[in-house]
Amino acid sequence: MRLVLLGPPGAGKGTQAELILKYFKIPHISTGDILREHIKNNTALGQKVKEYTDSGRLVPDDIILEIVQDRISKDDCSNGFLFDGFPRTIAQAEALDSILAEKGIELDFVINLDVEDQIIIDRILNRRFCPKCGKIYNLKLNPPKKDNICDDCNVELQQRKDDKLEVIKNRLEVYRQQTQPLITYYNSKNILINVPGDDTPEHIFEQIKKAIEDRK
Ligand code: AMP
C-alpha cells in the first residue's frame, strides 16, 4: 500500500499516520519529523532548514526531494509506505511521480483530511509531544494522565517551536497557496480520498479504512 496523507497543519495527519502504519504495516515517512531530527542533532542539513521550519515557510523542493529519494530507496519501503507532510507543492508531487515511475510503481491513494481553520488553530495551540517517544497529546482532547508528563516515558511534554499562533497563521497561508492545489492534482488522477477530519481519531481512521477497502 503506497499512501500519501494530505491536509493542513494540525489536521491530525500524525495521529492518523500512527493508526494507518500499524494497520497496513508500512513505514511512516514524515518529512517534518526527518527535518526536526536533523535540527535536533544540529547536522549541516538541520542548520540549513531551521530558519524555514521556525517561520513556517516551506523548505526548498531540492532539499526535500533528496531526503525523499534517499528514504524511499531503503529496503523497508519495498512493500509500501505512508508519506505524511510530503508532497507539499505541485513540483514535489510531479517529482514524486517521476521517482515512483522510475521504480515502476505508483501511489495507490492520497488521503485528504479536511478541517476548518479555527479547529486547526485550537488543535495546534493545544498540541504537545513527548521528546523521548514522540507520542502526540492534545491538552484538551487527549491529555496526559499527569499534568504535562508523558504517560509512557514520565518526561515533560514539549510544544513544537512552530506551534505558536503567528507561525500557525503563516503555515496555514502557505498551505492554502502551495499545498491545497494538490487536492485537485490527485483528484484528477482518481486516487483522492476525502475524509472530514473533525471527529475522533478512531472514527476518522474507520472512514479511511472503509474508503480504501471500498476502492481496492
Ligand atoms: P510538518 O511536521 O509536516 O508540519 O512540517 C514542519 C515544517 O517542516 C514545515 O512547516 C516546513 O517548514 C517543513 N517541511 C516539512 N515537510 C516539507 C515538505 N514536504 N516541503 C517543504 N517543507 C517541508
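The first residue in the sequence is number 1, and the count goes up from there. Counting convention: from 1, in listed order, for ligands and their atoms alike. Just so you know, these numbers use all the heavy atoms, side chains as well, and skip hydrogens, waters and symmetry mates.
- Around ligand 1, the residues contributing at least one heavy atom under 4.0 Å from the ligand are Thr31, Gly32, Leu35, Arg36, Tyr52, Thr53, Arg57, Leu58, Val59, Ile64, Gly85, Phe86, Arg88, Gln92, Arg160, Asp162, Arg171.
- Taking hydrophobic clusters as Ile, Leu, Val, Met, Phe, Trp and Tyr residues chained together by side-chain heavy-atom distances below 4.5 Å, Ile136 does not share a cluster with Ile20.
- With sequence neighbours excluded, the residues forming a salt bridge (charged side-chain N to carboxylate O under 4.0 Å, His left out) with Asp33 are Arg36, listed by chain and number.
- A search for salt bridge (charged side-chain N to carboxylate O under 4.0 Å, His left out) contacts involving Glu206 returns Lys209, not counting sequence neighbours.
- Residues Ile39 and Lys161 fail the side-chain proximity criterion, which asks for heavy atoms closer than 4.5 Å.
- Residues Lys146 and Asn154 have side chains that bring a donor and an acceptor to within less than 3.5 angstrom of each other.
- Taking Arg88 as the reference, nothing meets the salt bridge (charged side-chain N to carboxylate O under 4.0 Å, His left out) condition, with sequence neighbours excluded.
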